[in-house]
Number of protein chains: 2
Amino acid sequence: MNSPVVRRTVPSVKIASEDGLEAVDPELSKHEQVKVHLVAALAKMQVGDKLPPERELAEQFGVSRMTLRQAIAGLARLGYVSRAPGAGTFVAQPIVSKSSELTGFSEDMAARGFTASSRLLVFEYVSADAAASRELMLSVGEMLVHIERVRVADGLPMCLERIDLPARYVPGLTGDDLNFSLYDVLATRYGIKLLRAEQSISASVVTEDQATLLGVPTRSSALIIERLGFDQKHRPVERARSIYRGDRYDLRNTVHRDAG
Amino acid sequence: MNSPVVRRTVPSVKIASEDGLEAVDPELSKHEQVKVHLVAALAKMQVGDKLPPERELAEQFGVSRMTLRQAIAGLARLGYVSRAPGAGTFVAQPIVSKSSELTGFSEDMAARGFTASSRLLVFEYVSADAAASRELMLSVGEMLVHIERVRVADGLPMCLERIDLPARYVPGLTGDDLNFSLYDVLATRYGIKLLRAEQSISASVVTEDQATLLGVPTRSSALIIERLGFDQKHRPVERARSIYRGDRYDLRNTVHRDAG
DNA sequence: CATCCAAATTGGTCTAGACCAATCTAAGGG
DNA sequence: CCCTTAGATTGGTCTAGACCAATTTGGATG
């Protein structure tokens with residue numbers, strides 16, 4: 001019996017460009033470049049289409065099969081393709097949302113087709129309390145930048161955000177920097193790239209104050225995301241608590257299991 | 001300046017057993033066996049400890065460096081270790097909860113130290129409506145097993161669960177099979193392994209009926225998880241909607257970002 | 001004692017092969 | 001026409017090397 005998954009076999013597809021890799025960006029490693037080319041090729045294909053076999057693709061791109069497999073493994077992890085031993089590699093259902101990727105509010109909203117903006121409520125320097133200093137690995141009393149803002153998507157208040165950053169990581173940060181993406185500012189001005197975060201997701205109901213700021217009735221549902229973000233040196237650099245309105249926001253992701 | 005991450009250097013650690021791999025399970029591939037040995041070794045180490053270099057470990061286990069790296073890559077993805085080019089591989093902070101792994105309620109509760117049980121409310125055969133047939137890739141009107149149950153952790157009602165399964169995948173399933181883990185029954189009796197699921201997580205408040213079943217006040221907060229589960233053949237086999245009480249449950253996970 | 005630089009260390013990438021197991025395909029046989 | 005079966009296809013695994021770039025280390029220098 002056939003699997004219900006659609007599997008179109010497109011004979012002799014030409015995925016790679018003329019010959020080998022025309023460098024997308026010489027900075028990128030080969031398997032990253034192959035990935036870029038493959039994503040572009042996938043965009044022109046339909047869900048269920050079969051990709052050329054690995055050996056063939058490797059030859060087309062002018063890389064070894066191991067390198068090609070590294071590229072495809074990355075795409076499989078992101079859900080672009082699915083592989084079946086003995087059968088082939090197939091274009092997968094496009095991922096609805098990549099909430100298993102670490103993104104800031106701005107990116108998140110851009111991915112959903114909204115324009116993100118921000119209304120700053122609080123910008124101040126405070127000394128770290130016990131919880132903050134423990135999570136951010138600071139001495140108690142060390143200075144923090146404390147930020148509170150309303151995040152807005154296409155004019156609609158979407159979430160309340162409270163952020164703590166160790167002050168010594170972001171010297172000279174001002175309220176004006178916070179009208180848009182904090183992650184952009186951290187990366188471009190301070191060289192801090194947030195690569196990993198530990199999150200806790202829970203449900204709650206909003207208080208009167210929160211309801212007013214979000215423009216929803218008191219005791220409406222809310223999704224609470226508490227996040228501790230780590231940079232490229234594995235230092236904890238961001239402690240955030242976001243309260244999303246429950247009627248307009250959800251998280252989507254794909255979870256996996258390794259073996260039986 | 002040192003990174004605030006603790007890095008103990010333990011000189012000349014012996015990770016592998018006497019010589020090579022004493023097969024944990026001859027069914028497992030080499031890199032899976034290496035992974036098992038490494039996890040065991042990590043349990044005896046402290047957070048921040050440095051692992052022996054890859055070349056040394058590969059020799060100890062009697063595998064090639066590429067195979068050893070495949071094992072370590074798996075551990076890094078699960079958050080067991082973190083790697084830094086030029087520096088080494090280090091034992092990472094243990095993951096609080098692996099909610100980015102696909103687990104059933106029973107496993108989830110076991111991981112949190114609770115004993116899971118179940119109270120069956122509904123077990124019936126129904127014909128698929130438009131939404132169900134679309135998501136489960138069935139013809140409209142095809143038969144479904146429809147299950148509703150209260151999931152209980154250590155005697156406390158924790159969540160309400162509604163599950164639809166295509167009837168033809170689970171012939172002979174009865175209500176008695178559902179007192180504990182559905183995933184176990186699917187795997188052992190029907191050979192169906194759920195390997196991937198697409199989830200949507202949102203917040204809501206409970207209705208009166210739901211409040212009664214969960215033993216919480218009306219309009220309490222609730223976390224709603226809607227899930228479509230796929231098996232090893234990439235067939236959609238489970239459609240579930242779970243309503244967790246917001247006061248006793250949260251999700252924890254780690255999210256990553258690939259490059260800058 | 002502090003600083004700077006060269007060398008060793010270490011993870012990241014890449015290659016060109018090889019074999020295996022699952023799957024698909026096509027040829028025959030009933 | 002359906003079923004079985006043998007061969008080809010395909011992804012999964014594994015090896016033994018090689019080079020690179022980031023980091024660490026240790027020694028030379030001031």
Side-chain angles (χ1 to χ4, degrees), chain A residues 1-3 5 7-13 20-21 23 26-35 50-59 61-77 81-90 92 191 193 232-234 258-259, chain B residues 1-3 5 7-13 20-21 23 26-35 50-59 61-77 81-90 92 191 193 195 232-234 258-260:
Chain A
M1 201 216 310
N2 251 334
S3 144
V5 176
R7 285 186 175 173
R8 270 180 220 87
T9 303
V10 183
S12 76
V13 186
L21 285 174
E27 295 290 303
L28 259 44
S29 54
K30 278 195 190 176
H31 74 264
E32 291 284 357
Q33 293 185 35
V34 170
K35 224 154 82 171
K50 181 173 174 175
L51 271 73
E54 296 179 349
R55 288 159 178 86
E56 196 176 312
L57 282 176
E59 198 189 357
F61 283 118
V63 300
S64 76
R65 193 175 152 222
M66 286 296 264
T67 302
L68 180 100
R69 275 181 62 74
Q70 194 173 359
I72 291 193
L75 295 181
R77 232 179 322 121
V81 300
S82 78
R83 297 186 282 185
T89 304
F90 303 87
K193 295 177 192 169
Q232 70 270 28
K233 290 180 184 298
H234 305 290
D258 264 352
Chain B
M1 199 221 307
N2 251 335
S3 142
V5 175
R7 287 187 175 173
R8 271 179 218 89
T9 302
V10 182
S12 76
V13 185
L21 285 173
E27 295 290 304
L28 260 44
S29 54
K30 277 194 189 177
H31 75 262
E32 290 285 356
Q33 291 185 36
V34 170
K35 225 155 79 170
K50 182 175 173 172
L51 272 71
E54 297 179 348
R55 290 161 178 83
E56 196 176 311
L57 281 175
E59 197 188 358
F61 284 118
V63 300
S64 76
R65 193 175 153 224
M66 287 294 265
T67 302
L68 188 274
R69 275 179 62 74
Q70 193 174 359
I72 291 194
L75 295 181
R77 231 176 327 119
V81 300
S82 78
R83 297 187 281 185
T89 304
F90 303 87
K193 296 177 190 169
L195 295 186
Q232 70 269 28
K233 290 181 186 295
H234 305 290
D258 263 351

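Lettering of chains follows the sequences in order, A, B, ..., and the numbering in each one begins at 1. Worth knowing before you read on, the calculation uses all heavy atoms, side chains too, and leaves out hydrogens, waters and symmetry mates.
- Here dC14(D) is the nucleotide among dC19(D), dC14(D), dT10(D) with the atom lying nearest to any side-chain atom of Q70(B).
- When all heavy atoms of F90(B) and L51(B) are compared, the closest pair comes out as C-CD1, 4.1 Å.
- Contact annotation: R69(A) reaches the phosphate of dG12(D) (side-chain N/O to OP1 or OP2, under 4.0 Å).
- If you measure from atom NZ of K50(A) to atom P of dT9(D), you get 11 Å, rounded to the nearest angstrom.
- In this structure, L68(A) CG and Q70(A) CD are separated by 10.0 Å, a value rounded to the nearest 0.5 Å.
- Rounded to a whole Å, the CZ atom of R55(B) is 7 Å from the P atom of dG11(C).
- In this structure, R83(A) atom CZ and dT23(C) atom C1' are separated by 16 Å, rounded to whole Å.
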Between protein and nucleic acid, restricted to nucleotides 15-17 of chain D and to nitrogen or oxygen atoms under 3.5 Å apart, what atom pairs and distances do you find?
unit_1	atom_1	unit_2	atom_2	d
dT15(D)	OP1	K30(B)	NZ	2.9
dT15(D)	OP2	S64(B)	N	2.8
dT15(D)	OP2	S64(B)	OG	2.9
dT15(D)	OP2	T67(B)	OG1	2.5

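- Side chain of S29(A), nearest nucleotide from dT10(D), dC14(C), dT13(D): dC14(C).
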With the criterion being N/O to N/O and under 3.5 Å, what pairs connect the protein with nucleotides 3-7 of chain D, and how long is each?
none

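- Taking both residues in full, the closest heavy atoms of H31(A) and A71(A) are given as O-CB, 3.5 Å, listed atom of the first, atom of the second, then distance.
- Taking atom CD1 on I72(B) and atom C1' on dG11(C), their separation rounds to 9 Å, with Å as the unit.
- If you take CD of E54(A) and C1' of dC19(C), they are 15 Å apart, rounded to a whole angstrom.
- Rounded to whole angstrom, the span from the CZ atom of F90(B) across to the C1' atom of dT9(C) amounts to 12 Å.
- At a threshold of 4.5 Å between non-hydrogen side-chain atoms, the residues E59(B) and R55(B) do not count as touching.
- The side-chain heavy atoms of K30(B) and Q33(B), taken from C-beta on, include no pair separated by under 4.5 Å.
- A heavy-atom distance below 4.5 Å is not found between the side chains of T89(B) and L57(B).
- Distances were taken from every side-chain heavy atom of A87(B) (C-beta onward) to each of dG12(C), dC14(C), dT23(D); the shortest belongs to dT23(D).
- Contact detail for K35(B) and L75(B): the closest heavy-atom pair is CG-CD2, 3.5 Å.
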